[in-house]
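All remarks here apply to the structure that follows.
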Amino acid sequence: MTLPRILITRALFPEVVDHLSQHFEVEANQADALWSPAELAERLQDKEGALTTGTQRIDAALLAACPQLKVVANMAVGYNNFDVAAMTAAGVQGTNTPDVLTETTADFGFALLMATARRMAEGERLLRAGQWTQWRYDLLAGAEVHGSTLGILGMGRIGQGIARRGAHGFGMQVIYHNRSRLDPAAEAECRAQYVSKEELLRQADHLVLVLPYTAESHHAIGAAELAQMKPTATLVNIARGGIVDDAALAQALRERRIAAAGLDVFEGEPQVHPDLLTVPNVVLTPHIASATIPTRRAMADLAADNLIAFFDGRGALTPVNRIG
Ligand code: DGY
């Protein structure tokens, strides 16, 4: 019996590669080479399936070069690397990894909020540089977290996880804005109040971005939005680069038009806007919000199970488009 051929585009847990090898003829990139779009197309052209991460773009040009491709399983909940319309038109099933990373990512969002508001990275840099000479009443005094107003832009599963942590754990007043309002039961569970985007920007002491990246959310936070925020506010982005205008943010941070930012994602990552590297009041992390071993393993398993279920004829478990 010939097995379907699949490509695993980035290094992956060896156990998951072994598991997939029982179901497929697998080409795996365990050396983690960073392929150009042309190299990716060349390796994919004889494959029926692929397991990708958010770093490979699946677009019309790639699909045209890979006519045998039937399914692409993204090991990420976000799938802005997919041109979903082009995939649907080509009859290619896309899948993602929702739910399995919700709580881990919400933990990280809250940790980044804390680190940003309480100036932890600045403190560590000062200490390591040997510049900590004495206790002082206002040394790296930051913003209050407990009892403050937590704003959330994008109230999906992860946004709700952050809201629960803020409301139940830290006694925060939670306000949110989202394309659609939560049902009353979900609002009550998160103790969250729906407000307009303008109100959110104006009222939040800490604003956390958890919305998907789309053409509409491109630069959802730019100079105009930053100007509406409190000068004491912090901004946290664990969603996607491109939602924030990083150049405008660096300028706002330098001019102290907002107090601080915590960023796990960047426009054009892994490159980081050079101005962000020189302002002190920003905490920078390399897109690790879902990075615990159990969660990354659950994401890999779900991506693998999507491929297996698709080729078994059961249908994708967590599809992002509807085909044929
Ligand atoms: C996701 O799942 O979307 C995370 O950002 C990892 O890419």
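First listed ligand is number 1; within each ligand, the first listed atom is number 1. Below, each value reflects all heavy atoms present in this structure, side chains not excepted, and no hydrogens, waters or symmetry copies. Fair warning: this is a prediction, and the values are worked out from it, not measured in the lab.
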Give the atoms of ligand 1, by number and element, whose distance to some non-hydrogen atom of Ala76 is under 4.0 Å.
1 (C), 2 (O), 3 (O), 7 (O)

Look only at the side chain of Ser21 and the backbone of Val17, and say whether a donor-acceptor pair between them is shorter than 3.5 Å.
yes

Can you sort out which atoms of ligand 1 are near Leu101, meaning under 4.0 Å from one of its heavy atoms?
2 (O)

Do ligand 1 and Gly78 have nitrogen or oxygen atoms that lie under 3.5 Å from each other?
yes

Write out the residue and atom name of the closest protein heavy atom to atom 2 (O) of ligand 1, then the distance separating them to 0.1 Å.
Val77 N, 2.7 Å

Any atom of ligand 1 sitting under 4.0 Å from a heavy atom of Arg240?
yes

Kindly give the cluster partners of Val92, where membership spreads through any ILVMFWY side chain lying under 4.5 Å from a current member.
Leu7, Trp35, Leu40, Leu44, Ile58, Leu62, Leu63, Leu69, Val72, Tyr79, Phe82, Val84, Met87, Val320

Closest non-hydrogen protein atom to atom 6 (C) of ligand 1, residue and atom name please, with distance?
His287 NE2, 3.7 Å

Is a donor on one side and an acceptor on the other found under 3.5 Å between the side chain of Thr318 and the backbone of Asn96?
yes

Quick one, Arg240 with Glu269, criterion salt bridge (charged side-chain N to carboxylate O under 4.0 Å, His left out). Give me CA distance, side-chain angles, the key distance, then yes/no.
CA-CA 10 Å; Arg240 277 291 181 271; Glu269 64 185 52; over 6 Å; no

side-chain hydrogen bond (donor to acceptor under 3.5 Å, both in side chains) partners of residues 122-131, not counting sequence neighbours, each pair once:
Arg119-Glu122, Glu124-Arg128

